[in-house]
Amino acid sequence: MALSKRKKRLILLLYALSAALLTTIVVVLMVVLINQQNDFRHTFISRCEGFEGYDCKKLWKVFQQAYVGKSACKVPVEAYDPLLAEAPIQPACNRMMFWSRSKQVVHDFTEKTDCFITLEDTLLGSVLDGLSWCGKENSKETFTNNCPGWDECENNPVRSFWKKASAEYAHAACGGVTAMLNGSISPPYNSSSIFASVEVPRLNSTRVNSLTVVLVTQENSVSNCTNGSFEVLQKDLDEGIKYKCKEVALSWLQKCGSKPNPTCGPCW
Ligand code: DVN
């Protein structure tokens, strides 16, 4: 039966409304995506400008070349070679701190004085700390959502960056270095961690003379300096680097770390 004119008009109106709604959704998503990309770029540039002597806009371009237009699981560590060449890690002999499964504790401790630095205090470590990013094939955009998780694939943009930066940080290490590890887990030295798999093997005895492990303990601690994984650590360590381990209570660390320490007297 032929549709009445009224019904035809109603169907056309519904089509028009659906098209308008779809267009609105696409536009809103585009605006959100553009804002997220701009926010990420703005965060990168403004954090970078907190460090003197760097061309932050150039650094942004070099950074993007590592992952933009690439599948988010096909960004190898080497993709960041130009970035680390543009902003190399500056050695800070006797002050370089490594860590593993203790990110909050170590940064709470190091941020209060100039006695120690971590990778996250360097230009690139600071600019990208806590951020997530990726690209995709045939796109010139930086995405910050729906990127692969840390363990989702080996060659994801974030994990490859931290492996590259960690390798360079360890390569630059000199003098006596320190590693703050977590006594509340076992093993405290985990061979699959970045510290064990990337950084320890790159501590070079021609530049590094000692490694002090600061094992942070609490009431629930399950590990101490006799933990078997520290035997593995000593085997992994370049010959000639003196090793020692200190068990330090978190409460003492928080107390000692919060006092002014102009001479950087030891807390352990
Ligand atoms: O020495 C430090 C420092 O130099 C750093 O660059 O590498 C060393 C720490 O890496 P790690 O030994 O692998 O220690 P973690 O605590 O296992 O992992 C360090 C960070 O990698 C974590 O803090 C995670 O970053 P995030 O999410 O806190 O910004 C990330 N990470 C490691 N394993 C992860 C993971 N993120 C998600 N899922 C995982 N399984």
Side-chain angles (χ1 to χ4, degrees), residues 40 43-44 47 72-73 75 77 80 83-84 87-111 116-134 144-204 207-208 210-216 218 222-223 227 229-230 232-233 236-238 241 243 245 250:
F40 183 84
T43 301
F44 184 104
R47 287 185 183 182
C73 284
V75 178
V77 172
Y80 290 100
L83 181 64
L84 271 291
I89 302 287
Q90 303 300 323
C93 295
N94 302 313
R95 295 173 53 225
M96 295 174 81
M97 176 84 80
F98 295 81
W99 52 272
S100 191
R101 273 63 165 186
S102 57
K103 186 176 186 180
Q104 194 58 53
V105 170
V106 76
H107 288 150
D108 287 350
F109 180 73
T110 57
E111 70 184 6
F116 291 98
I117 66 159
T118 64
L119 171 57
E120 294 72 26
D121 297 305
T122 67
L123 169 75
L124 289 176
S126 170
V127 163
L128 291 166
D129 189 24
L131 301 183
S132 174
W133 64 91
C134 60
T144 56
N145 279 332
N146 304 319
C147 292
W150 183 269
D151 281 334
E152 199 169 322
C153 52
E154 182 66 26
N155 286 336
N156 70 65
V158 175
R159 184 173 186 148
S160 289
F161 166 76
W162 286 110
K163 286 174 72 174
K164 176 64 182 176
S166 300
E168 293 300 306
Y169 186 70
H171 186 73
C174 49
V177 303
T178 309
M180 197 168 276
L181 303 182
N182 187 340
S184 301
I185 58 172
S186 182
Y189 178 70
N190 184 322
S191 298
S192 67
S193 67
I194 287 182
F195 175 58
S197 61
V198 174
E199 294 175 321
V200 168
R202 287 174 175 82
L203 298 178
N204 187 313
R207 291 187 294 278
V208 175
S210 70
L211 168 67
T212 300
V213 166
V214 173
L215 188 65
V216 182
Q218 301 181 65
V222 294
S223 299
N227 186 280
S229 66
F230 291 130
V232 178
L233 169 49
D236 291 347
L237 210 46
D238 194 13
I241 297 179
Y243 166 84
C245 178
L250 175 61

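Whatever order the structure lists them in is the order used to number ligands and atoms, beginning at 1. Positions are given from 1 along the sequence.
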(request) Determine the interplanar angle of the Y80 and W133 rings, folded into 0 to 90°, and report it as parallel if under 30°, tilted if 30 to 60°, perpendicular if over 60°. (result) perpendicular

(request) Mind listing the closest non-hydrogen atom pair of S184 and Q218 along with its distance? (result) OG-NE2, 3.6 Å

(request) Search all heavy atoms of V177 against all heavy atoms of C174 and return the closest pair with its distance. (result) CG1-O, 4.0 Å

(request) Please lay out, stage by stage, how D129 and S126 fare under the test side chain to side chain donor-acceptor pair (under 3.5 Å). (result) CA-CA 5 Å; D129 189 24; S126 170; over 6 Å; no

(message) Can you confirm whether H171 is buried at NE2, in the sense that more than 12 heavy atoms of other residues, nucleotides or ligands lie under 6.0 Å from that atom?
(response) no

Tabulating one pair per line, provide the atom names and distances (0.1 Å) for every N/O atom of ligand 1 that is less than 3.5 Å from a protein N/O atom.
residue	atom	partner	partner atom	Å
ligand 1	1 (O)	W99	N	3.1
ligand 1	1 (O)	W99	O	3.0
ligand 1	1 (O)	E199	OE1	2.6
ligand 1	1 (O)	E199	OE2	3.4
ligand 1	4 (O)	E199	OE2	2.7
ligand 1	6 (O)	S166	OG	2.7
ligand 1	12 (O)	S100	OG	2.8
ligand 1	12 (O)	I194	N	3.4
ligand 1	12 (O)	F195	N	3.0
ligand 1	13 (O)	I194	N	2.9
ligand 1	14 (O)	S100	OG	3.4
ligand 1	16 (O)	R101	N	2.9
ligand 1	17 (O)	R101	NE	3.4
ligand 1	17 (O)	R101	NH1	2.7
ligand 1	28 (O)	K103	NZ	3.4
ligand 1	29 (O)	K103	NZ	3.1
ligand 1	33 (N)	W150	NE1	3.3
ligand 1	40 (N)	D151	OD2	3.0

(message) Please verify the inter-ring angle class for F195 with F98; under 30° counts as parallel, over 60° as perpendicular, anything in between as tilted.
(response) tilted

